[in-house]
Amino acid sequence: MSADASRALKVITGSSRFEASAEKYTVAQAATELVEAFPGPVVRKDVCRVYTPLGTSAFDLRVTWDLEDSAPTGPSAPNYTELKMGELAVAAADKAYVFFACRSERLSSTTAAHIVIGVERWMMPKPPEGDVKALKDAYATVAHSFSLAMAKELRCEKNGGLPAQPVLVPA
């Protein structure tokens, strides 16, 4: 995870310390699972989970991956801000998704894999509180960081079209 994503997690959770998720939750493991699943349909899978330290208010942030049949089309839901990263990136005050296309020798296919990395707060009993723009930027930053890490782990051509830094200016 990038330093920017680490700072973004503090904006999202209010904490700079986190509990470790299970050892099976790594970008490398998620990439291996994606390679094994490609090109078939999958049910959204975890990359990792982020928890605040024991003894603090409970917080469950999930980073997930999914495969789509094609690049996203059509308008995004009104609560999302579209960003220019990969095929599409969208951010809301409690979640963000980055869609990118990956061509890689690890995927042994002539067609690109259309990958979605999501970052969502789970089991949120009420709407997010705080600066909505800051929260959207924070979620987008974390989603970008994991997307870029996944693209690098998969050895996608041109990192799946993802920039080195998150683009937080609305498209």
Side-chain angles (χ1 to χ4, degrees), residues 1-18 25-27 30-31 34 44-52 59-104 107 111-124 126-171:
M1 181 180 330
S2 70
D4 286 341
S6 181
R7 287 187 291 276
L9 282 175
K10 186 171 184 176
V11 171
I12 295 168
T13 66
S15 179
S16 57
R17 293 186 26 233
F18 307 98
Y25 293 120
T26 65
V27 170
L34 188 149
R44 190 176 358 179
K45 302 266 190 176
D46 282 344
V47 174
C48 75
R49 298 179 186 185
V50 177
Y51 303 103
T52 51
F59 196 96
D60 184 356
L61 190 73
R62 293 193 180 182
V63 181
T64 59
W65 67 267
D66 203 349
L67 287 170
E68 295 291 331
D69 293 331
S70 62
T73 59
S76 299
N79 62 317
Y80 287 107
T81 299
E82 290 189 9
L83 306 168
K84 289 187 178 191
M85 293 189 280
E87 294 180 308
L88 175 69
V90 293
D94 60 350
K95 63 186 88 169
Y97 300 96
V98 174
F99 299 73
F100 66 97
C102 178
R103 291 185 192 280
S104 168
L107 297 172
T111 62
H114 297 278
I115 301 168
V116 184
I117 301 295
V119 177
E120 299 181 51
R121 182 171 179 181
W122 284 63
M123 297 182 294
M124 188 175 354
K126 58 185 178 178
E129 297 175 355
D131 181 342
V132 171
K133 180 173 180 348
L135 285 167
K136 284 183 177 186
D137 288 353
Y139 276 96
T141 298
V142 174
H144 169 268
S145 179
F146 277 97
S147 297
L148 187 58
M150 182 71 96
K152 288 181 178 186
E153 186 68 33
L154 291 169
R155 297 188 294 275
C156 301
E157 290 177 9
K158 300 179 184 177
N159 291 329
L162 297 168
Q165 298 297 316
V167 176
L168 304 176
V169 177

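What's counted below: heavy atoms across the whole structure, side chains too, no hydrogens, waters or symmetry copies.
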Note to self: Tell me the closest heavy-atom pair linking Ile115 and Leu154, and the distance in Å.
What the structure shows: CD1-CD1, 3.5 Å
Next item on the list: Side-chain contact test, heavy atoms from C-beta onward, threshold under 4.5 Å: evaluate it for Val119 versus Val98 and give yes or no.
Entry: no
Margin query: With rounding to the nearest 0.5 angstrom, report the OG1 to CD distance, Thr73 to Glu68.
Written below: 10.0 Å
Margin query: So which atom in Ala112 and which in Arg103 form the shortest heavy-atom distance, rounded to 0.1 Å?
Written below: N-NH1, 3.5 Å
Note to self: A side-chain contact here means heavy atoms from C-beta on lying under 4.5 Å apart; do Leu88 and Glu82 qualify?
What the structure shows: yes
Notebook entry, point to check: OG1/Thr64 to CD/Glu120 distance, rounded to the nearest 0.5 angstrom?
Noted result: 5.5 Å
Checklist line | Rounded distance [0.5 Å steps], CD1 in Ile12 versus NZ in Lys136 | finding: 13.5 Å
Notebook entry, point to check: Can you tell me how far CG of Leu61 sits from OH of Tyr139, rounded to the nearest 0.5 angstrom?
Noted result: 5.5 Å
Next item on the list: State, to 0.1 Å, how close Ala71 and Glu87 come at their nearest heavy-atom pair, and which atoms those are.
Entry: CB-OE2, 3.2 Å
Margin query: When you compare the side chain of Phe146 with that of Trp65, does any pair of heavy atoms fall below 4.5 Å?
Written below: no
Margin query: Give me the atom names and distance for the closest heavy-atom approach of Ser145 to Ser2.
Written below: OG-N, 3.0 Å
Item checked: Val11 side chain reached by Asp137 side chain, heavy atoms, under 4.5 Å -> no
Next item on the list: To the nearest 0.5 angstrom, please state how far the NZ atom of Lys45 sits from the CZ atom of Arg62.
Entry: 13.5 Å
Next item on the list: Give a yes or no answer on whether the side chain of His144 reaches the backbone of Pro163 with a donor-acceptor pair at less than 3.5 Å.
Entry: yes
Notebook entry, point to check: Closest heavy-atom contact between Ser76 and Val90?
Noted result: OG-CG1, 3.4 Å
Margin query: Walk me through whether Phe100 and Met85 qualify under side-chain contact (heavy atoms from CB on, under 4.5 Å).
Written below: CA-CA 8 Å; Phe100 66 97; Met85 293 189 280; over 6 Å; no
Item checked: Any donor-acceptor N/O pair, Ser147 side chain to Ile117 backbone, under 3.5 Å -> no
Check: Looking at Asn159 and Lys152, what are the two nearest heavy atoms and their distance?
Finding: OD1-CG, 3.4 Å
Checklist line | Donor-acceptor pair, side chain of Thr141 and main chain of Ala8, under 3.5 angstrom | finding: no
Next item on the list: Test Leu34 against Leu107 for side-chain contact (heavy atoms from CB on, under 4.5 Å), laying out the working first.
Entry: CA-CA 9 Å; Leu34 188 149; Leu107 297 172; 3.9 Å; yes
